[in-house]
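The structure displayed is predicted, hence computed values, not measured ones. Just the heavy atoms: all of them, side chains too, but no hydrogens, waters or symmetry mates, feed the values below.
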Number of protein chains: 2
Amino acid sequence: MATIKDIAKAAGVSIATVSRVINDLGGYSEVTYQKVKAVSKELNYTKNSLARSLVRKRSQTIGVIMPTVPTSFSNPIIDGIEEVAEQLNFDVIISHTGSASKYILQKIIRMNEFKVDGLIIISSQLSQVETAYLEKNDIKTILVSTMVPDSDLPYIKVDDYSAMYAITNYLISIGHRRIGLAGPNLQDKVAGQPRFAGYKKALIDAGIKFQDEWIQTGVFDFTSGRKAVRNYLKDAIDISCICCVSDECALGAISEAAANNIIIPKELSITGYDGTSLAKMVSPTLTTIKQPFFQMGIQSCSELIACINDGKVMKSQLLNFSLELGQTTKEKRG
Amino acid sequence: MATIKDIAKAAGVSIATVSRVINDLGGYSEVTYQKVKAVSKELNYTKNSLARSLVRKRSQTIGVIMPTVPTSFSNPIIDGIEEVAEQLNFDVIISHTGSASKYILQKIIRMNEFKVDGLIIISSQLSQVETAYLEKNDIKTILVSTMVPDSDLPYIKVDDYSAMYAITNYLISIGHRRIGLAGPNLQDKVAGQPRFAGYKKALIDAGIKFQDEWIQTGVFDFTSGRKAVRNYLKDAIDISCICCVSDECALGAISEAAANNIIIPKELSITGYDGTSLAKMVSPTLTTIKQPFFQMGIQSCSELIACINDGKVMKSQLLNFSLELGQTTKEKRG
DNA sequence: GTGAAAGCGCTAACAG
DNA sequence: CTGTTAGCGCTTTCAC
């Protein structure tokens, strides 16, 4: 592990000069440049980011914290982040919070100790403890696909209320009147409550009287979808379609329906939410809300780096979603 | 951003003492301990890993490099890695190589500059350039779900040959005689060739004459599965089942079959390979080879840390796979 | 028990 | 154009 000191000695120059050519700072003769380059190649020099970051008080690194979920919807977000980071000369390091986002505070602390210049937190629910830590330590942070109510942490997401309104409304538009809602966590102010509200509003606007029994709460996952259908069946609740709060949840609903020989979409329509790559990979393909994940990565990273580099204040953004029609929905006549 | 210097001053002790209590090294009075603790809390001290790693020449961090794929089979691997890292007091930082594993060398270099103590590379094909870099820079590395032929880089994986033999043999055991193989990249020595070989050997052992037209090569992904089925249909190739080289590929095959109104498994059996969480989430559920991903994470990280801490030589391991029966296969009579 | 001091590898003035 | 020097925040002898 050669250091600039070794190179300086071998090349017969000072370490300052070595540093200059290594960082392409200019201010040296062509001869010196060539010599230093040659020597550092010969000695197999690799720079030490730790030392550099330490003195620079800048790591040129942004940290990403993401949850562990089966449907890797975070991947396109990461791709987006990487794309702009790369371009703007930043590194990105990623950390998983585990399935239950249990270790989120711990991961935030680690990122802070690594002295990342900024943090992107994907789709995790932050509690008081975490936001307090972020604030107290003055960590530049932007949230993706999540937000914290009553805080001014900037976020990039879609409007859950509108998205759920849109897809519910679509079901209504193709003739459905008895519409289930599967999977929402009603304790969750960020995703659960607004999605429920959007769903409900669409019913009301269509003059449909909302029934409590149409709601099967859950935690957005596969199991929530399965349970929902099981309960509808058990209680013989009469619905012609189910709005699920995630693609994964929709897969669960489909799975339970299949286990009961219910044919989709002929006997039951089902919708997802997320528009992960999965939605188009399953058969039948999912009708779902497509979130612009890649774009979310782009935006969040751009905002963050603008803040880091130029001190710009990050602005929250609501991105456009789109309705992706698949084969799990069918019009209802009569 | 308080430093130990600040704490030292505020507590009226030396920085050496602060360092001692912060690291629980002992050798101080209870009074000093309490005082330093109190002051550092008050000043909201957070340690600077960069500085610490720099002087220690040890980052207590292991780097993980993984590809970006739609079916997040890497997640359970990461979970396994995190579990043992956590326990053994190591941090882990992750980096994605992008879909085509295009940036793998770049990522390896970055990890090296970050001075990680060791590296776990998941499921990526390493070329001469990368292995040379790893060797030259003496980076402790272990591979997961991949390997490099003719090198002594240690790896943790399953035996692709045996696994493919097993699943092909299963199809034979339930009566199939005309068996397609979809998705293998035959240029790929690590996964493509052995899987093909295992498939072929199972046929031979059963006295089935292998037909060239049964093979539809590809690149392990969804599209490869779709194309395979399209080709079988176009050329009217008579098979009763298809062995796919990945779950994702199987999804593609199913998708194309569905588009042609072929009923699975009644008219066509299909198998996957990987046993991702997806396999059980789709309907019908996939018959597939289940790789012990979590265990792979555990083993690789254990080996690596044993090497880092105790200089143990890492040993390659072939882990057991299992056959996971789903609903995409059906026995063939007559 | 505690402190002084010497760096880890590097950058960034400041001189020349 | 190039070198000297003073640190970045921390750990770690070695004295006291």
Can you pull out how bent the helix from dG1(C)-dC16(D) to dG16(C)-dC1(D) is, comparing the axes over its first five and last five pairs, to 10°?
40°

Criterion side chain to side chain contact (heavy atoms under 4.5 Å, CB included) against S300(B), the qualifying member of I62(B), I122(B), I142(B)
I142(B)

Apply side chain to side chain contact (heavy atoms under 4.5 Å, CB included) to residues F90(A) and N309(A) and explain how you reach the verdict.
CA-CA 11 Å; F90(A) 271 74; N309(A) 283 344; 3.8 Å; yes

Measure from the side-chain heavy atoms of K57(A) and tell me the nearest of dT2(D), dT11(D), dC8(D).
dC8(D)

Heavy atoms within less than 4.0 Å of DNA chain D: which residues of residues 25-49 of chain A have one? Give them sorted by number.
G27(A), Y28(A), S29(A), T32(A)

For residues 3-12 of chain B, which residues have at least one heavy atom under 4.0 Å from DNA chain D?
T3(B), I4(B), K5(B)

Option among N112(A), L105(A), L119(A) that satisfies the side chain to side chain contact (heavy atoms under 4.5 Å, CB included) test with L134(A)
L119(A)

Just the rounded figure in Å: distance from C1' of dC10(D) to NZ of K115(A).
12 Å

Taking only side-chain nitrogens and oxygens of R20(B), does any of them come within less than 4.0 Å of OP1 or OP2 of dG1(C)?
no

Where the side chain of V13(B) is concerned, which of dG3(C), dG9(D), dG3(D) is the nearest nucleotide?
dG3(C)

Do the rings of F293(B) and F73(B) sit parallel, tilted or perpendicular, given the 30° and 60° boundaries?
tilted

Are Q299(B) and E303(B) linked by a side-chain donor-acceptor pair shorter than 3.5 Å?
no

Take atom CG of N23(A) and atom P of dA12(C), then tell me their distance rounded to the nearest Å.
8 Å

Side chain of L54(B) only, please: which of dC8(D), dC8(C), dT2(D) is the nearest?
dC8(C)

